Every structure is written in structure tokens, then in C-alpha cells.
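Structure first, then comments.
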Amino acid sequence: MDARKLNPESIAAQALGWIDEQTRAITPPIHVSSTYLRDTDNQYRTGRVYARADNPAFDQAEAVIAALERGPHAALFASGMAAATAVFQALAPGDHVLAPKVMYWSLRNWLMNFAAHWGLQVELIDMDQPVAVQAAIRPGKTRLVWVETPANPLWTITDIAATARIAHAAGALLAVDSTVATPLLTRPIEHGADIVMHAATKYLNGHSDLIAGVLVTARDDDFWKRVKGIRAQLGGTLGSFEAWLLLRGLRTLHLRVQRASQSAQRIAEYFAKHPLVEAILYPGLPDSPGHAVAARQMQGGFGGMLSLRVKAGADGGEAAAIATAANVELWKRATSLGGTESLIEHRASVEGAGTPAPSDLLRLSVGIEHCDDLIADLEQALLQAHR
Ligand SMILES: Cc1ncc(COP(=O)(O)O)c(C=O)c1O
């Protein structure tokens, strides 16, 4: 069956409908071999040599993710960070890179503390403003523009198509961390992106039980070969069991993302005018700065991530936010996102110095519980924190 004709729900539910030809099994076996037999004439006709470079355990998950993103190829990595850093490591020292001021903090730290020392010229800009991208890009010198949309932890929105046009006119590639949008809500390649990255740890797997990353390319070109070479040689390779678990999680991606997005929208609307809430940051709210672009770029919802700024109590906003997180019973106080269980965290405590997160901000990852229970729990926690 031609996956290009299928809707994402059908691709995901049947994991492209592959069966194991040898056994007719509908779910694949777990391939664990680290090495492959050489033919008697000294060739490797299967193309498989050693599992640091490639592994049949990756084939189906990579094919499903590539089909969902409408790209020709995907590559699994040992983590989202391994996937993202492979893109930057495929550049050459001296290359100029634009990245957002608001982005996943650990990757921002790596860019400033490692990539910059390794020779990349990294410039952090307001990526949600095309005029800022236009002003910062250096034609012939900028090799990569990195976008995250919606972006941690303020959920700012970047117009992928507009940014791709600016990047391409200057001879740069556009890479998009689409972890929060998932391929259900946004397919960056259709908007002009050259590379899509996901922390597959999050929604793609969806069960908070593995660490994984993935890249999808728009073209099988030299840059992609370099990225694959980095995986093979530096060894940021996923384990076989994790690849199998990821494939299992992918089968319900659509149901989980739809539910999380619907609940996040309801939670955002409920607390937007709440007397104990300073502000809700969520692109699904019509008065949010990124709403118009998000409404164009995201189909079927605005994702399961939002942030809530807690109104200051007697001891200020930060204390009220930390007290709110301390008083939840159903929400889990933990970092990460995209699992079936809802998570809450005081983001400035996680990110430390240099965070764009205001000190009164709680980051919420909405899971698939009943939305009424999530709202009731958060409201009682806010009330307790303001007693
Ligand atoms: C948006 C985003 N990108 C990248 C990453 C890194 O992924 P991993 O933790 O799998 O390395 C994360 C992790 O939180 C993330 O939220």
C-alpha cells in the first residue's frame, strides 16, 4: 500500500502494516544482533555490517516516522540530544548558525558551551520574528537555521515557511525541532524545512519509558549522508529494545496527541481568566502572539504543552508557583513531556541562569487523563498555594 495515500492515523495504527515475512507476525521481532554474517565471497550483500551503524530493529520505526513526516528517510538516535547535535556536528568549524533564544535549554547550553568552542559561530535570535531572522542571516556564511516551534517553555511560534524562505535565499538549511507539534499537527517538510528533529522520548513514544531521538530529511543528499555517518561513527545509536518500544508507542500517537491537545486547550481556556493566574502561555488561545501563525501551521490542535504563570501570593510569584506544584495530587511533579501522565514543573528551577522562563512559571505537559480531574487538581493546588 502507498503510504502517501494514507492518513496519519492509518499509518500510525498499523505501523505501516508491515508483517514479518518469515513468521507472518503482525508485530515485529526484536533484532538484537550487534553484528552480521559476511558472505563467503567477502561481501555484505544485506548492507548490514555492524549495529552501531544500522540495525533492522530501526527499519519499521524509521519508515513510520518518515511516512508521517512525508520525508524520504528517517534516522533513529539514542536521544533527542544525540539527534539534534548530529545536525550541528555535520557542519564545519567556522560555519554561522542561527538558533532561537527560546528553545530546549539543554540544546541551547550545548550550543553555547560546546558547539561554540568547537568553532561554530552560534547566534541566538528572536526566531519567532522573521524580521530578526532576516537581519541576522549572513548570505553564504550562515549554514543552518535551527527552529523550535512551539518553543520551550514559552510556546512561542515560528513561521516555518517564512523562515525557510529566508534561510534558503541565504544558502542555509532549515532544521525544525518539532517535538511538541508532532507530525500529527505540523509537518515541517511541507512548509520548506530540510531536516525535522524529534525528541522521540516525548510524544512519538508517549509512555515515559525510553530515551530516543529521530531526524527526518527532506532529501537523501550529502548533508544527510554526513548526519548518518555521524550516527554510525560517534555511536549515538538507539538500542534494539528501545526501537521496538518506540514502534509500539507510535501506534497510538494520533489518539494521545488529539486527547492531549483537546485537554490543553480546555485547561488554557479555563485558567486564562482565573483570579489566581497571572497568564497562560498557549498558542491555542486567540490572543496569544503566535496564534495566527499556529492556526495556519498546525492542524487539528495546538499541542499538549502550555505554561501557567501563577499570580503572586504574600511571598511573591515564584513561591506561589513552587507551592502550587507542591500541592498537586494528580499531576506529577517531574520534568519531560509527551507521556500519558500529566506533568508539572517549575521551569526556572530546572533551567537555572539564563532561562527565559519567568520565576512564576509552571510548565504543564498535559496527558490523557480526564480533563475535569486535571482542572480540579490544578485549581485546588492554586487555592492551597494562596491560602
Ligand atoms: C523540545 C525538545 N527537544 C529536544 C529534547 C532533548 O531530547 P532527549 O531528552 O531525548 O535528549 C527535549 C527534551 O526534553 C525537548 O523537550
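Computed from a predicted structure; not experimentally measured.
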For this session: Go through the steps for Gln297 and Asp159 under the test side chain to side chain contact (heavy atoms under 4.5 Å, CB included), then give the verdict.
Result: CA-CA 7 Å; Gln297 194 166 270; Asp159 185 331; 4.0 Å; yes
Exercise. Where do Val176 and Met197 land on the side chain to side chain contact (heavy atoms under 4.5 Å, CB included) test, with the steps shown first?
Worked result: CA-CA 6 Å; Val176 178; Met197 176 256 152; over 6 Å; no
Exercise. Under the side chain to side chain contact (heavy atoms under 4.5 Å, CB included) criterion, do Ser342 and Glu369 qualify, and how do the steps go?
Worked result: CA-CA 8 Å; Ser342 294; Glu369 305 91 337; 2.7 Å; yes
Exercise. Is there a side chain to side chain donor-acceptor pair (under 3.5 Å) between Thr335 and Glu345 once you walk through the steps?
Worked result: CA-CA 6 Å; Thr335 197; Glu345 75 174 340; 3.0 Å; yes
Exercise. Where do Asp54 and Lys228 land on the salt bridge (Lys or Arg N to Asp or Glu O under 4.0 Å) test, with the steps shown first?
Worked result: CA-CA 9 Å; Asp54 205 2; Lys228 290 282 298 270; 5.1 Å; no
Problem set entry | Full working for side chain to side chain donor-acceptor pair (under 3.5 Å) between Arg138 and Thr142 | CA-CA 5 Å; Arg138 301 189 208 155; Thr142 308; 5.4 Å; no
Exercise. Checking side chain to side chain donor-acceptor pair (under 3.5 Å) for the pair His73/Glu62: CA distance, chi angles, key distance, verdict?
Worked result: CA-CA 7 Å; His73 297 290; Glu62 288 181 345; over 6 Å; no
Exercise. Should Thr237 and Asn55 be marked as a side chain to side chain donor-acceptor pair (under 3.5 Å) after you check the CA-CA gap, both sets of side-chain angles, and the distance that decides it?
Worked result: CA-CA 9 Å; Thr237 314; Asn55 181 340; over 6 Å; no
Problem set entry | Working for side chain to side chain contact (heavy atoms under 4.5 Å, CB included), residues Tyr36 and Val49 | CA-CA 5 Å; Tyr36 302 88; Val49 178; 5.5 Å; no
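The hydrophobic cluster containing Ile125 also contains Leu174, counting ILVMFWY residues as joined when their side-chain heavy atoms lie under 4.5 angstrom apart, directly or transitively. Note on Trp224 and Leu68: separate hydrophobic clusters, where clusters join Ile, Leu, Val, Met, Phe, Trp and Tyr whose side-chain heavy atoms are under 4.5 Å apart, directly or indirectly. Transitive grouping of hydrophobic side chains (ILVMFWY, heavy atoms separated by less than 4.5 Å) brings Val64 and Leu253 into a common cluster. Connection of Leu215 to Leu173 is established within a shared hydrophobic cluster, with ILVMFWY side chains joined at heavy-atom distances below 4.5 Å, either directly or through further cluster members. The same ILVMFWY cluster, assembled from side-chain heavy atoms under 4.5 Å apart, contains both Leu184 and Ile189.
Taking the six-membered ring for Trp and the full ring otherwise, the centers of Phe302 and His291 sit less than 6.0 Å from each other. With ring centers used as reference points, Phe88 lies under 6.0 Å from Trp146.
Between His274 and Tyr270, the two ring planes are tilted [angle within 30° to 60°].
The two residues Pro275 and Lys311 make their nearest non-hydrogen contact at O-CD, 3.3 Å. Shown here for Ala272 and Leu285, the closest heavy-atom pair between the two residues is CB-CD1, 4.3 Å. The minimum heavy-atom distance linking Arg70 with Ala3 is given by the pair NH1-O, 3.7 Å. Across every non-hydrogen atom of Leu343 and Ala334, the tightest pair is CB-O, 3.7 Å. Shown here for Gly317 and Ala312, the closest heavy-atom pair between the two residues is N-CB, 3.6 Å. Shown here for Val180 and Met305, the closest heavy-atom pair between the two residues is CG1-CG, 3.8 Å.
Ion pairing of Lys141 with Asp95 is absent here, as no side-chain N (NZ or NE/NH1/NH2) approaches a carboxylate O to less than 4.0 Å. Contact check on Glu341 versus Lys332 returns no salt bridge, with no Lys/Arg side-chain nitrogen under 4.0 Å from an Asp/Glu carboxylate oxygen. Comment: Asp372 engages Arg266 in a salt bridge, judged by a side-chain N to carboxylate O separation of less than 4.0 angstrom. Look at Arg48 and Asp59 and you find a salt bridge, because one of the NZ, NE, NH1 or NH2 atoms lies within 4.0 Å of a carboxylate O, short of that distance. For the pair Lys225 and Asp220, the salt-bridge criterion is met [side-chain N within less than 4.0 Å of a carboxylate O].
Ser178 places no side-chain N or O within donor-acceptor distance of the main-chain N or O of Ala181, the cut-off being under 3.5 Å. At least one donor-acceptor pair closer than 3.5 Å links the side chain of Thr252 to the backbone N or O of Gly249. A donor-acceptor contact shorter than 3.5 Å links the side chain of Asp377 to the backbone of Glu329. Put simply, the side chain of Ser240 gets close to the backbone of His31: a donor and an acceptor are under 3.5 Å apart.
Proximity of Arg143 to Leu120: side-chain heavy atoms (C-beta onward) are nowhere separated by under 4.5 Å. Residues Pro28 and Pro56 have side chains not in contact (no heavy-atom distance under 4.5 Å, counting atoms from C-beta outward). Side-chain contact between Glu69 and His198: present, with at least one pair of heavy atoms (C-beta onward) separated by less than 4.5 Å. Side-chain contact check for Ser336 versus Lys202: some heavy-atom pair is nearer than 4.5 Å. Looking at heavy atoms from C-beta onward, Leu361 lies out of side-chain contact with His346 at the 4.5 angstrom threshold. Residues Met298 and Thr149 form no side-chain contact, since every pair of their non-hydrogen atoms from C-beta on lies 4.5 Å or further apart. Pro289 places none of its side-chain heavy atoms less than 4.5 Å from the side chain of Thr156. Here the side chains of Thr163 and Met127 are in contact, with some heavy-atom distance below 4.5 Å.
Thr46 contributes atom OG1, which lies 9.0 Å from atom CG of Leu37 (distance to the nearest 0.5 angstrom). In this structure, Ile65 CD1 and Leu250 CG are separated by 5.0 Å, a value rounded to the nearest 0.5 Å. Rounding to the nearest 0.5 angstrom, the gap separating the CG atom in Leu246 from the CZ atom in Phe241 is 12.0 Å. Expressed to the nearest 0.5 Å, how far CD1 of Ile30 lies from CD of Glu242 amounts to 9.5 Å.
For residues 16-29, every residue pair satisfying the side chain to side chain donor-acceptor pair (under 3.5 Å) rule, not counting sequence neighbours, is listed here: Asp20-Thr23, Glu21-Arg24.
Taking a 6.0 Å sphere around CD1 of Ile19, one finds it holds more than 12 heavy atoms contributed by other residues, nucleotides or ligands. For Gln14, the CD atom is loosely surrounded, since the number of other residues' heavy atoms within 6.0 Å does not exceed 12. Applying the 6.0 Å contact sphere to OH of Tyr44 captures more than 12 heavy atoms from other residues, nucleotides or ligands.
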Without placing hydrogens or testing angles, list every side-chain donor-acceptor pair under 3.5 Å for residues 319-328, not counting sequence neighbours.
{"residue": "Thr324", "atom": "OG1", "partner": "Ala320", "partner atom": "O", "Å": "2.7"}
{"residue": "Asn327", "atom": "ND2", "partner": "Ala323", "partner atom": "O", "Å": "2.8"}

For residues 102-112, which side-chain N or O atoms pair as donor and acceptor with protein atoms under 3.5 Å away, sequence neighbours left out?
{"residue": "Arg108", "atom": "NH1", "partner": "Lys101", "partner atom": "O", "Å": "3.4"}

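No option in Ser307, Pro150, Ser288 other than Ser307 meets the side chain to side chain contact (heavy atoms under 4.5 Å, CB included) test with Leu281.
Between Arg248 and Asn205, the side chains place no donor N or O within less than 3.5 Å of an acceptor N or O (distance only, hydrogens not considered). Counting only N and O atoms by type, the side chains of Glu269 and Gln265 include a donor and acceptor under 3.5 Å apart.
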